[in-house]
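Okay, structure first, notes after.
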Amino acid sequence: MTDLRVRIAPSPTGTVHLGLCRTALFNWAYAKKRGGTFVLRIEDTDKTRSTGESEAAILKGLAWLGIDWDEGPGETGGPYGPYRQSERVDRHTAAAQGLLERGIAYRCFCSTERLTELREAQEKAKQNPRYDGHCRDLDPKDTAARAAAGEEYVLRFRVPEGSTEFEDLVRGKVKFEHAEIDDWVMVRRGGAPTYNFVVVCDDVAMKISHVFRGEEHLVNTPKQILLYKALGDDAPRFGHLPLMLGKDRKKLSKRSGDTALGDYVANGYPREAIVNFLCLQGWALDGETDVFSLDTFVENFDIADVQKAGAVFDIDKFRWLSGDTIRRMSVSGLADELVPFVEKAGLMTADEIHGRRGWFERLVAGEQERIELFSEFPARVSPFFEADDSVTYDPKAEKNSRKQEARLETLAAYAEWLAGRPEDEGAEALGAASKAWITDRGMKIPALFQPLRCALTGQPGGRDLFDCISLLGRAATLARIGAGIERLA
RNA sequence: GGCCCCAUCGUCUAGUCAGGCCUAGGACACCAGGUUUUCAUCCUGGCGACGGGGGUUCAAAUCCCCCUGGGGUCACCA
């Protein structure tokens with residue numbers, strides 16, 4: 001009986017990709033639900049592309065999503081460290097040496113040029129490009145001597161005859177003929193090990209029991225299983241998750257839209273919505289419920305329920321989910337989330353918001369059901385921050401106002417009436433009184449409301465008019481109506 | 001092209017493993033109504049799919065085969 005141990009092994013070579021987030025989420029939930037251990041290992045074998053910033057971004061991003069790891073790099077640590085592959089090269093080298101001594105790996109001295117020529121020739125002959133085994137049967141004594149003499153070489157894995165079959169936890173039986181598998185490179189010229197080699201070494205060393213990863217890794221699996229065997233270890237259970245697809249139905253990439261977690265955060269998608277949506281990529285709760293919490297996901301997740309076919313990333317549904325999440329937030333909580341967006345837009349500073357918290361929350365409350373992303377908020381409330389005599393009029397708002405023949409007189413009469421009313425009157429009472437004012441004069445609602453809305457906010461639609469008046473205050477309201485009488489003439 | 005994977009509304013999916021309860025359910029999008037001072041929310045309704053062909057069976061979206069279509073992968077990247 002082995003312990004349940006899963007891992008996520010991102011390579012720190014750029015932004016935090018949504019695919020990584022989804023894979024991490026599924027692995028994490030699997031471990032969480034079954035009392036297993038979730039390991040985070042940094043796959044920085046590509047020295048030229050790996051960066052510390054990227055690693056930091058990954059750690060931060062996963063934590064932000066609500067994912068925590070039991071073992072990992074840095075302070076987290078754990079009994080199977082280190083958790084950064086670049087710090088494990090000694091073990092990799094030793095493992096490679098062992099395989100070389102046992103003849104499972106062999107030195108290959110073929111130059112890059114020869115390999116390139118070989119591939120080109122094969123392509124020309126319509127053959128499948130693959131290593132021709134040129135150095136496969138060289139005498140080990142000779143190759144050792146050549147290596148000792150300083151000749152450069154790579155280490156290749158000697159793929160045996162036969163076939164490999166395994167039971168994928170998502171897809172079922174998958175079988176590969178070894179004849180289709182190249183004698184792949186385990187250790188590069190210069191001694192740096194490759195991904196396929198280290199990933200297995202480390203998964204063995206860290207006693208990983210289940211490997212859930214994207215479908216693009218499916219074809220690597222037989223190579224890795226062979227390596228597990230060579231290393232004298234049982235292969236873990238594999239589960240290949242369906243790919244996240246772009247609108248073009250191809251693997252989600254920068255071409256098909258934003259792929260970085262940071263892009264969505266910056267665009268103002270709430271954390272819960274991002275997590276929720278990611279869960280929906282290849283998994284469903286019950287076919288009825290689309291909106292659920294991370295806890296619910298953990299309680300219900302099983303690798304066996306994962307979809308086999310790729311999932312197109314539907315940005316429209318994502319936006320809706322975002323809006324739905326926003327609508328379910330508390331006004332206060334939403335206000336907190338909006339602060340950085342308001343600051344960035346230059347509308348108010350955090351201090352100013354703090355000083356007028358009550359007013360700000362009323363401002364937020366009126367937009368809660370009108371925005372789908374946090375980032376939409378500033379532009380929607382910007383009229384409240386404009387000068388009273390130069391509010392930006394939307395063409396449609398202005399056009400609607402000009403349809404009202406008596407707009408100027410109506411506005412003037414309403415302003416006069418409004419000036420005589422108590423300033424602390426609530427929005428609801430003022431609204432009722434205003435409607436009575438209109439009907440008493442034998443007018444229709446739009447005769448006043450359309451020009452009034454235009455004068456106040458310049459927008460064709462939006463929150464309750466009397467909420468606007470309340471937010472603006474009596475003086476600004478009257479000033480804007482005054483300006484409106486001139487500008488709508 | 002070889003190999004591997006996949007195939008239910010435009011999209012995400014339930015149903016497929018244990019064939020009948022499916023004249024295929026939900027959600028997004030879209031369309032039409034209703035509510036509302038406008039916009040939005042919300043409510044109601046509509047549109048809309050088992051890729052094709054063979055089998056097996058009393059019965060197939062569900063099992064088998066072929067075809068077609070889509071994707072992934074073919075690095076001294078991960």
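Values below: all heavy atoms of this structure, side chains included; hydrogens, waters and symmetry mates excluded. To find a chain, count down the sequence lines: A is the first, B the second, and so on, and within it residues start at 1. Treat the numbers as computed from the prediction; the structure is a model and nothing was measured.
To the nearest angstrom, P of B:C39 lies 16 Å from CZ of A:Arg463. Rounded to an integer number of Å, the gap from A:Leu285 CG to B:A27 P is 14 Å. In this structure, NZ of A:Lys396 is placed 12 Å from C1' of B:A40, rounded to the nearest angstrom. Atom pair A:Gln122:CD and B:G2:P shows a separation of 16 Å (rounding to whole Å applied). Distance, A:Phe292 CZ to B:U13 C1': 11 Å, rounded to whole Å. For the pair A:Glu369 CD and B:C39 P, the interatomic distance rounds to 13 Å; values are reported in whole Å.
Salt bridge annotation for A:Lys124-A:Glu120: absent, with no cationic side-chain nitrogen under 4.0 angstrom from a carboxylate oxygen. Salt bridge present: A:Glu215 and A:Arg171 bring a charged side-chain N and a carboxylate O closer than 4.0 Å. Between A:Asp248 and A:Arg255 there is no salt bridge, since no side-chain N of the basic residue sits under 4.0 Å from a carboxylate O of the acidic one.
Within the structure, every side-chain polar atom (N or O) of A:Gln307 is placed at least 4.0 Å from both OP1 and OP2 of B:A7. Listed pair A:Thr45 / B:A78 meets the phosphate criterion, a side-chain N or O lying under 4.0 Å from OP1 or OP2.
With hydrogens and angles left out, the side-chain atoms of A:Arg213 and A:Thr221 include a donor and acceptor closer than 3.5 Å. A donor and an acceptor atom, one from each side chain of A:Ser322 and A:Tyr264, are nowhere located under 3.5 Å apart.
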Quick one, A:Glu151 with A:Arg107, criterion salt bridge (charged side-chain N to carboxylate O under 4.0 Å, His left out). Give me CA distance, side-chain angles, the key distance, then yes/no.
CA-CA 11 Å; A:Glu151 197 173 339; A:Arg107 293 190 181 90; over 6 Å; no

Does the pair A:Phe197 and A:Trp184 meet the rule for a side-chain contact (heavy atoms from CB on, under 4.5 Å), with working shown?
CA-CA 10 Å; A:Phe197 181 61; A:Trp184 52 283; 4.1 Å; yes

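Within residues 163-173 of chain A, the residues having any heavy atom closer than 4.0 Å to RNA chain B are, in order of number, A:Arg171, A:Lys173. Only A:Lys435, A:Ile445, A:Phe449, listed by number, bring a heavy atom of residues 426-449 of chain A to less than 4.0 angstrom from any atom of RNA chain B.
Listed by first and then second residue, the salt bridge (charged side-chain N to carboxylate O under 4.0 Å, His left out) pairs involving residues 363-377 of chain A are A:Arg319-A:Glu372, A:Arg319-A:Glu376, A:Glu367-A:Arg380, A:Glu367-A:Arg463 (not counting sequence neighbours). Here salt bridge (charged side-chain N to carboxylate O under 4.0 Å, His left out) pairs that include residues 436-454 of chain A, with residues two or more places apart or in two chains, number zero. Sorted by first and then second residue, the side-chain hydrogen bond (donor to acceptor under 3.5 Å, both in side chains) pairs involving residues 15-28 of chain A (not counting sequence neighbours) are A:Trp28-A:Asp68.
A cation-pi arrangement is present between A:Arg487 and A:Tyr393, with the terminal nitrogen or guanidinium carbon under 6.0 Å from the aromatic centre and inside a 45° cone about the axis.
With A:Ser50 contributing its side chain and A:Lys47 its backbone, the two residues share no donor-acceptor pair below 3.5 Å.
Atom C1' of B:C47 sits at a distance of 14 Å from the matching atom of B:C28, rounded to the whole Å. Nucleotides B:A24 and B:G69, compared at atom P, are 29 Å apart to the nearest Å. Between the C1' atoms of B:G15 and B:G25, the separation comes to 8 Å (whole Å). Nucleotides B:U57 and B:C64 place their C1' atoms 12 Å apart, quoted to the nearest Å. B:C4 and B:A49 are spaced 34 Å apart, taking the P atom of each and rounding to whole Å. When the C1' atom is compared between B:C50 and B:U8, the two are found 4 Å apart, to the nearest whole Å.
The base of B:U38 sits with one of its N or O atoms less than 3.5 Å from a complementary donor or acceptor on the side chain of A:Arg453.
Closest to the A:Arg370 side chain, of the nucleotides B:A40, B:A78, B:U13, is B:A40. Between B:A27, B:G25, B:U11, one nucleotide has an atom nearer to the side chain of A:Glu288 than all others, and that is B:G25. For A:Glu180, whose side chain is taken as the heavy atoms from C-beta onward, the closest listed nucleotide among B:C3, B:C6, B:G26 is B:C3. Checking B:C42, B:A7, B:C12 against the side-chain heavy atoms of A:Arg327 singles out B:C42 as nearest.
Taking the nucleotide of RNA chain B with the nearest heavy atom to each of A:Pro460 and A:Phe313, the more 5' of the two is matched to A:Phe313. Judged by closest nucleotide on RNA chain B, A:Asn400 is the one of A:Asn400 and A:Thr194 placed further toward the 5' end.
In this entry B:C50 has no Watson-Crick or G-U wobble partner, no candidate having both defining distances under 3.5 Å.
Aromatic ring pairs are classed by plane angle as parallel below 30°, tilted from 30° to 60° and perpendicular above 60°; the pair A:Phe166 and A:Phe238 is perpendicular.
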Quick one, give me the B/S/- string for nucleotides 67-75 of chain B, reading 5' to 3', where B means a protein heavy atom under 4.0 Å from the base and S means that only happens at the primed atoms, P, OP1 or OP2.
----BBSS-

